[in-house]
Amino acid sequence: MSHSSAQAQSSYPAVPAYEPQPSFDAVPERAHWHYRPRRAFWRGKVVRASAVAVVLALCGLVILALVREQTGTEGFLVGLGLALLPVPLLMAAFRWLDRVEPGPWRNLLFSFAWGACAAALVAIVANTFATRWIATATADPASADTLGATVVAPVVEESAKAAAVLLVFVFRGRDFTGIVDGVVIAGFTATGFAFTENILYLGNAFGEDQQFGTSGFASVTAATFFVRIVMSPFAHPLFTVLTGVGFGLAAMTARRRRFRRVALPALGLALAMGTHALWNGSAAYGPWGFYAVYGAFMVPAFGLLTWLAIWSRQRELRTISGELPAYAAAGWLTPAEPLALASMRARSLARGYAARCFGPAAARAVGEYETFATSLAFLRHRARRGAVGPDFMAREQELLHHLWQRKAVAGPALTYAARVTGRVWTPPPHLDYGGYNPYRY
């Protein structure tokens with residue numbers, strides 16, 4: 001072996017040798033422990049989760065009162081009903097993108113709630129204060145509105161939304177492993193923010209129609225619905241996804257490269273602010289400015305980011321097929337399992353096979369096995385890039401332990417799925433190998 005190849009081999013983390021898992025029957029159950037780890041009251045998970053929920057709930061109540069005050073009760077209800085329409089579609093799209101290694105729902109719900117409550121409250125208060133201050137200082141309300149929409153609003157709103165991505169990145173780093181995670185977290189945050197903002201805009205439009213007696217397609221409500229819900233439901237997600245991409249790239253960067261881990265999210269946030277400013281300022285370019293910016297910039301940018309997100313998802317599948325064979329060679333997986341785990345169709349077939357043959361519990365076990373195996377592949381990939389802390393070995397052993405507990409059910413199911421999908425070739429039954437089949441696992 002040449003020196004360069006030996007050096008390349010040494011860059012891979014060592015794969016633990018296959019061995020039966022030890023038994024700890026002598027350890028009493030947790031309920032009978034005499035010595036328990038103690039921590040400060042405020043450091044408990046329940047306490048921290050409750051504090052976050054209370055803060056978001058208070059922000060929600062305040063934003064609810066502010067929006068209802070501006071739109072009226074009837075306008076609020078109309079705006080709420082119309083603003084809800086794109087939310088399930090956007091959430092389903094981002095969740096589909098996250099199917100390879102689904103993040104915990106608690107992170108997604110927190111992101112949506114942060115965008116709908118905390119970020120929206122900060123935006124309404126800060127934008128209103130800044131616009132009034134500019135109008136008072138310049139004695140020109142029209143210019144203050146334009147400046148507030150094109151300069152103040154993009155900076156305030158994108159910073160408020162980026163705070164949710166930052167919190168997940170810092171406090172849920174194990175769930176934040178790459179570009180797809182950044183896109184999904186940012187997308188849920190922006191969807192929540194757009195939901196609250198749409199209630200405000202649609203409620204105000206309905207109130208204006210009530211005041212002037214307009215209705216139907218000629219109404220302000222119909223025009224607002226067409227622009228914000230039909231033509232541009234992806235506007236806020238598009239802006240904030242740029243921030244999420246920056247954080248995703250930072251998550252993939254080695255920990256020793258601190259400047260890059262800070263600069264990439266900052267660059268993503270700057271791009272989000274610039275894109276948001278261009279979108280808000282499109283009305284200042286004349287009656288056709290909105291359509292020009294929409295067709296020449298927003299649609300191509302949306303297509304580019306959609307391609308990047310799908311490419312990143314396919315890259316995750318390639319990471320699985322590239323990292324797990326090392327564990328198959330060590331005996332932890334069968335040779336067919338990495339091939340099946342790198343195909344979403346094969347994964348679904350494996351769960352279906354386990355459900356038909358052994359019941360729903362077996363299907364859940366196979367699903368958990370797929371999740372743990374995916375996490376193991378990503379953990380190893382990040383370790384080779386220097387993006388994992390010193391607890392790599394402990395996390396690897398924990399994941400291997402979870403795999404071994406479910407191997408009896410998941411192994412045959414994944415091997416079956418790999419053969420059905422053609423990822424493993426099975427010889428025709430008429431071929432005779434004299435009792436030896438080289439394709440048998």
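Note that the coordinates shown come from a computational prediction; the quantities given were computed from them, not determined experimentally.
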What distance do [X] atom [atom1] and [Y] atom [atom2] have between them, rounded to the nearest 0.5 Å?
X      : Y      : atom1 : atom2 : result
Leu324 : Phe378 : CG    : CZ    : 9.5 Å
Ile229 : Tyr201 : CD1   : OH    : 12.5 Å
Leu80  : Leu200 : CG    : CG    : 12.5 Å
Ile185 : Arg172 : CD1   : CZ    : 11.0 Å
Leu400 : Lys407 : CG    : NZ    : 10.5 Å
Phe247 : Met252 : CZ    : CE    : 15.5 Å

Please check: side-chain N/O of [X] versus main-chain N/O of [Y], any donor-acceptor pairing under 3.5 Å?
X      : Y      : value
Ser232 : Ala235 : no
Lys161 : Pro237 : no
Arg385 : Ala254 : no
Arg261 : Ala250 : yes
Trp114 : Phe193 : no
Thr371 : Gly367 : yes
Thr275 : Ala272 : no
Asp98  : Gly103 : yes
Arg347 : Ala417 : no
Thr253 : Leu249 : yes

For Phe239 and His236, take the angle between the two ring planes, folded into 0 to 90°, and tell me which bin it lands in: parallel under 30, tilted 30 to 60, perpendicular over 60.
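Rings of Phe239 and His236: perpendicular, as their planes differ by over 60°.
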Which residues share a ring pair (Phe, Tyr, Trp, His ring centres under 6.0 Å) with [X], sequence neighbours left out:
X      : result
Phe302 : Phe234
Phe112 : none
Phe176 : Phe169
His381 : none

Does the cation-pi check pass for Arg406 over Phe372, that is, NZ or CZ under 6.0 Å from the six-membered ring centre and within 45° of its axis?
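Output no; distance or angle outside limits.
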Step by step, would you call Leu376 with Arg380 a side-chain contact (heavy atoms from CB on, under 4.5 Å)?
CA-CA 6 Å; Leu376 179 64; Arg380 179 176 171 83; 5.7 Å; no
Whether over 12 other heavy atoms sit under 6.0 Å from Arg395 CZ:
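Yes, CZ of Arg395 has more than 12 neighbouring heavy atoms, counting only those of other groups under 6.0 Å.
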Please check if atom CZ in Phe171 has more than 12 non-hydrogen atoms from other residues, nucleotides or ligands closer than 6.0 Å.
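No - once you tally the heavy atoms of other residues, nucleotides and ligands closer than 6.0 Å, there are 12 at most.
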State, yes or no, whether a side-chain contact exists between [X] and [Y] at a heavy-atom distance under 4.5 Å.
X      : Y      : value
Leu82  : Thr221 : yes
Glu316 : Ile320 : no
Tyr327 : Leu403 : no
Phe206 : Thr71  : no
Val87  : Thr191 : yes
Leu202 : Arg228 : no
Ser159 : Met273 : yes
Leu66  : Leu121 : yes

For Gln314, all residues meeting side chain to side chain contact (heavy atoms under 4.5 Å, CB included), sequence neighbours excluded:
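So Gln314 forms a side chain to side chain contact (heavy atoms under 4.5 Å, CB included) with Leu317, Arg318.
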I'd like to know whether Leu97 forms a side-chain contact (heavy atoms from CB on, under 4.5 Å) with Val180, so could you lay out the CA-CA distance, the side-chain angles of the two residues, the decisive distance to 0.1 Å, and finally the verdict.
CA-CA 7 Å; Leu97 187 64; Val180 172; 4.3 Å; yes
For [X] against [Y], the heavy-atom pair lying closest together:
X      : Y      : value
Ile199 : Ala83  : CG1-CB, 3.7 Å
Ala123 : Val156 : CA-CG1, 3.9 Å
Gly81  : Leu85  : O-CG, 3.8 Å
Ala222 : Ser219 : N-OG, 3.2 Å
Gly244 : Val165 : CA-CG1, 4.4 Å
Ala251 : Ala387 : O-CB, 3.8 Å

Check the pair Phe110 / Leu56 against side-chain contact (heavy atoms from CB on, under 4.5 Å), numbers first and verdict last.
CA-CA 9 Å; Phe110 161 78; Leu56 291 177; 3.9 Å; yes
Report the C-alpha separation of Asp391 and Arg174 in whole Å, then their side-chain angles, then the decisive distance to 0.1 Å, and conclude whether the salt bridge (charged side-chain N to carboxylate O under 4.0 Å, His left out) test is met.
CA-CA 12 Å; Asp391 61 344; Arg174 290 190 179 184; 2.9 Å; yes
Considering only NZ, NE, NH1 and NH2 on the basic side and carboxylate oxygens on the acidic side, decide whether Glu370 and Arg99 come within less than 4.0 Å.
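Not counted as a salt bridge, because no side-chain N and carboxylate O are separated by less than 4.0 Å.
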Would you mind telling me which of Glu337, Gln405, His402 makes a side chain to side chain donor-acceptor pair (under 3.5 Å) with Tyr369?
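Looking at Glu337, Gln405, His402, the match for Tyr369 under the side chain to side chain donor-acceptor pair (under 3.5 Å) is Glu337.
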Go through the steps to decide whether His401 and Gln397 satisfy the test side-chain hydrogen bond (donor to acceptor under 3.5 Å, both in side chains), and finish with yes or no.
CA-CA 6 Å; His401 173 71; Gln397 290 288 350; over 6 Å; no
Non-neighbouring partners of Arg313 that pass salt bridge (charged side-chain N to carboxylate O under 4.0 Å, His left out), sequence neighbours left out:
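For Arg313, no residue satisfies salt bridge (charged side-chain N to carboxylate O under 4.0 Å, His left out) once neighbours in sequence are set aside.
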In sequence, state the C-alpha distance, the side-chain angles, and the governing distance for Ser111 and Val168, and then conclude on side-chain contact (heavy atoms from CB on, under 4.5 Å).
CA-CA 8 Å; Ser111 301; Val168 177; 4.1 Å; yes
